[in-house]
Amino acid sequence: MRALILVGGYGTRLRPLTLSRPKPLVEFANKPILLHQIEALVEAGVTEVILAVSYRAEQMEEELTAEATKLGISIVFSHETEPLGTAGPIALAKNILQKSAKPFFVLNSDIICDFPFKELAAFHNSHGKEGTIVVTKVEEPSKYGVVVYDDGNCIESFVEKPQEFISNKINAGLYILNPSILNRIELRPTSIEKEVFPGMASDKELYAFELQGFWMDVGQPKDFLTGMCLYLKHLRSQNSEKLYKGPGVVGNVLVHPSAKIGSNCQIGPNVTIGPGVVIEDGVCIKRCTILRDATIKSNTWMESCIVGWKCSVGRWVRMEGTTVLGEDVIVKDETYINGGQVLPHKNIANSVPEPQIIM
Amino acid sequence: MLKAVILIGGPQKGTRFRPLSLDIPKPLFPVAGLPLIQHHIEACVALKDLKEILLIGFYPVAQIQQFINELQQVYNITIKYLQEFTSLGTAGGLYHFRDQIRCGNPDAFFVMNGDVCADFPLSDMYVFHKKHSDKSMVSIMGTEATRQQSLHYGCMVINKNTSEVTHYVEKPSSYVSTLINCGVYVFSLSIFQTIGEIFNAKQMEHYKNGNGNKEAGHIQLEQEILAPLAGTGKICALQVNHWWSQLKTAGSAIYANRHYLELYRTNHPERLTNPQGAGDISKFNCTIYPDVHIHPSAVIHPTAVLGPNVSIGQGVTIKSGVRIRESIILQDATIEEHSLVLHSIIGRGSHVGRWARVEGTPSDPDPNKPFAKMENPPLFNNDGRLNPSITILGCSVSVPSETILLNSIVLPNKELSRSIKNEIIL
């Protein structure tokens, strides 16, 4: 089987992290976001993954090709010369996708969930129609476009930001489609949600598959952290031996074996600590992701932050409010950073008490 | 023989020093480990001929007496508290207690405002006073201020050759002189004749016009005595370059603390805590960045890092991994593990939880302006927002773990439950 992942552009919403590393390679719970998806796809029998990208990133191509070799699959980069939206890239990859008559998966690249690709494929085969959309339940559907379907899961319509309750299911950004869908898509910038799916729905060719468990679009820092909490909770229920058990740990915490944690620390709940990270004595960290080779010095407190690769956070620092440090940022001792977005290689000597971008 | 009078005011005065003055009279607020006016008293005690110190104010005796008893023991000198029945003004108080001051016929007496802090040059002032005392009866300690800031003080014009004050205006509305009155004086006993004339004139006025509620004995030294005497040859001013500051707002306490600690280097090195490995082996083996004063009864964890400019009071507990800089920690307060205290005053018996951050904004004089003094900005700016200031916890305030307290003032006996920024908590 094949899968097409819509990687798209520069990942500006996840800046400043994506200034140093393409978004698909930013580690979510100590693994590049894209690898969570690719591994789940491989598990479901996918052998060829097409990455639809609108820019060239040699670093990404190299790293992912190496991963592909390890997983025994092939990865094809499909380059858009102009951004083609969510449907155009499918048309662009027509030649590859039409090689077989088997259905293929399509994924938005920022999605984190317990990917149910096997069940999705089974459901899709059982109804025998052209496409299946994964839907997930949300609390406040009026913020999204909702999916309306009948008792047999056949989709009737899509309603953008409904004022009155009509459904609490939204498009989760994961699909399985038959190659025949290619007849519905032209090679131009197109939206699959707005221009392709409504037509399929009126032809009764589109079904909804209800996702169980957590789901999050982790394309921006705030949601990245929320998604991490959900992911670690899921890990607790499925695979709790992967979580860290050590002194001073509270709740669900993921620590890479090569990271070092000092004494008298309080780590957690909901913390991911990457490889080579050094946490000195007396540090308190809650709801944070600390990326590879960063150092957090003693007596520092942080909550709801993403600390970029190779950063150094000084002693007695307080960081909070979805602060994101880009790569190799140095935060001086005794400073306070609230909601700072700090670009790579900066040296922060003074406090940033109100949310601010630090160029 | 010499005497000294320290004017300490009363509970209605010094309200800008709240909340620190809510549970302790402002003159007894500890700066560099000693009650504010104990620094005055130490300066007086250093003069061999000075035999008696009189405190004049209108605080209830009970609030002052214990302090006086203790200090008489420590310095072996007579200290008396003379309580005014009401606020009599600086000269009114002196005149009311003139017999106490004249008693024993001292050669001269010092008068010191209780709310100034300085490296008091009392000996130099007395030498200066004697030199001019054939004609002059008042010697004023004067210092240079910036043109703009001089408007907040008593401004003096002097004859450079004779040191005579030729013109005196209290808080002028336009520029007069950058030489300001420091609120530290030497008087000859003949001053009482001058005050007496003013007193009698006011009494006559009072009985003639019977004007109501203003106390007839209320006489302001600056406006009613010094200003009229200017130009008569009866007042001289000694211009000095020693450190001097007023202590009006709570924010200036940290500035005063820094300078008194610095004076300890020469006067009382034993009151400073040595950094590790320097000098005598200290009882405290935590990391010290000078200058730091720690009361011997305090308990400090070896991993704590203190200074510069930190005073730690009696019975204070500082736990592991705590960092304190530019702050005063009052009696019996506790700072729990990993917390940070910057530019703040932690009230008596207050409790700061783990991984908390208590931080204020310093309001030191502009270091780039020569002779700049402490600015004492009002609490609120023109937009009605709190001006950033040092953070102050009144007594017995509790700060929860992992919170931040930024540029805020918390009144006594308050148990906080959240982070606070730029707020006054009643």
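First the proteins, then the strands, lettered A, B, ... as listed; each starts at 1.
- More than 12 heavy atoms of other shown residues, nucleotides or ligands fall within 6.0 angstrom of atom NZ in A:Lys286.
- For CZ of A:Arg21, the number of neighbouring non-hydrogen atoms (other residues, nucleotides, ligands) closer than 6.0 Å is greater than 12.
- Open room surrounds NZ on A:Lys161; 12 or fewer heavy atoms of other groups in view lie less than 6.0 Å from it.
- Proximity to chain A (any heavy atom under 4.5 Å) is restricted, for B:Leu406, to the side chain, taken from C-beta onward.
- Under a 3.5 Å cut-off, the side chain of B:Trp355 and the backbone N or O of A:Gly282 do form a donor-acceptor pair.
- Interface remark: A:Asn338 contributes side-chain atoms only to the contact with chain B (heavy atom separation under 4.5 Å).
- Residues of residues 221-235 of chain A lying under 4.5 angstrom from chain B, judged on non-hydrogen atoms, do not exist here.
- Remark: the backbone N or O of A:Thr335 is paired with a side-chain donor or acceptor of B:Arg357 at under 3.5 angstrom.
- Within 6.0 Å of CD on A:Glu241 lie more than 12 heavy atoms contributed by other residues, nucleotides or ligands.
- Taking OG of B:Ser339 as the reference point, atom CH2 of A:Trp301 lies at 11.5 Å (rounded to 0.5 Å).
- Using a 4.5 Å cut-off between heavy atoms, B:Glu402 contacts chain A through both its backbone and its side chain.
- Residues B:His338 and A:Asn264 come closest through the heavy atom pair NE2-O, 3.7 Å.
- Side-chain contact between A:Glu334 and B:Arg323 is present, with at least one heavy-atom pair separated by less than 4.5 Å.
- Shown here is A:Asn239, whose CG atom has more than 12 heavy atoms of other residues, nucleotides or ligands within 6.0 Å.
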Hey, mind stepping through A:Tyr336 and B:Leu340 against side chain to side chain contact (heavy atoms under 4.5 Å, CB included) and telling me if it holds? CA-CA 11 Å; A:Tyr336 169 48; B:Leu340 174 72; over 6 Å; no
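- Looking at A:Ser351, the atoms closer than 4.5 Å to chain B (heavy atoms on both sides) all sit in the side chain, from C-beta outward.
- Closest approach of A:Arg318 to B:Ile404, counting heavy atoms only: NE-CB, 3.5 Å.
- Taking B:Glu326 as the reference, B:Arg258 meet the salt bridge (charged side-chain N to carboxylate O under 4.0 Å, His left out) condition, with sequence neighbours excluded.
- Contact annotation for residues 411-426 of chain B against chain A (heavy-atom separation below 4.5 Å, listed by residue number): B:Ser419, B:Lys421.
- The shortest side-chain heavy-atom distance between A:Gln266 and B:Arg354 falls under the 4.5 Å cut-off.
- The interface of residues 312-321 of chain B with chain A, defined by heavy-atom distances below 4.5 Å, comprises B:Gly321.
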